[in-house]
Amino acid sequence: MRGTYLDRFLDPWSEFERMSRLLSRAASNSGAEFPAVNVWVNGDHAVITTEIPGVESDAIDISVSGNTLTLRCSRPAEDIGEAESCHRHELRHGNFSKTIELPFNIDADKVHAVYKKGILNISLPRVEAEKPKKIEIKSK
């Protein structure tokens, strides 16, 4: 019979893989990781991309303060009939929040967000006064 304590003792690699899967599953179910984001930064701006399928655009709240962007959203639970029971439940629902700090202050008046097919793209321009300025050197 597979899965007994003796089998786990005799095959430590299988036990290691089993524990890795459990830890990975626990980490993916933590609220801190949803929604996952990609962040690209250069001297002038940052771009943040995230996938939040099943969320209406009016349920997404984006706020900016200084160098911090906060993303909040709400995804409703699926309706299941009385005769149905859940066999597997991996999709998250409820209220979610994610805060991302950037290496520069954001010009909140020029932030641009587009939400299409469950993908949210946010363009965050750097405050003009903080952008690096090239200094011209004059020869005498």
Side-chain contact, heavy-atom cut-off 4.5 Å: Val55 with Tyr115?
yes
Count the heavy atoms belonging to other residues, nucleotides or ligands that lie under 6.0 Å from NZ of Lys116, then report whether that count exceeds 12.
no
Counting only heavy atoms not in Glu51 (residues, nucleotides, ligands), do more than 12 fall under 6.0 Å from its CD?
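Open: at most 12 neighbouring heavy atoms sit under 6.0 Å from CD of Glu51.
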Determine the minimum heavy-atom distance between Glu128 and Lys133, stating which atoms define it.
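Heavy-atom minimum between the residues: O-NZ, 3.9 Å.
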Which atoms form the tightest heavy-atom contact between Gly54 and Pro76, and what is the distance?
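Scanning both residues completely, I find the closest heavy atoms to be O-CD, 4.2 Å.
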Is there a path of hydrophobic side-chain contacts, each under 4.5 Å between heavy atoms of I/L/V/M/F/W/Y residues, joining Ile122 to Val39?
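Yes, one cluster joins them.
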Identify whether Val47 and Leu69 are in the same connected component of the hydrophobic contact network (ILVMFWY, side-chain heavy atoms under 4.5 Å).
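Different clusters.
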Roughly how far apart are [X] [atom1] and [Y] [atom2], rounded to 0.5 Å?
| X | Y | atom1 | atom2 | value |
| --- | --- | --- | --- | --- |
| Leu71 | Ile48 | CG | CD1 | 8.0 Å |
| Ile62 | Arg72 | CD1 | CZ | 11.5 Å |
| Leu124 | Leu102 | CG | CG | 6.0 Å |
| Phe104 | Asp44 | CZ | CG | 8.5 Å |
| Glu84 | Glu78 | CD | CD | 10.0 Å |
| Asp107 | His45 | CG | NE2 | 13.5 Å |

With no hydrogens and no angle check, is any side-chain donor or acceptor of Arg75 less than 3.5 Å from a backbone partner on Ala59?
no
Given 3.5 Å as the limit, does a donor-acceptor pair link the side chain of Thr50 with the main chain of Ala36, or not?
yes
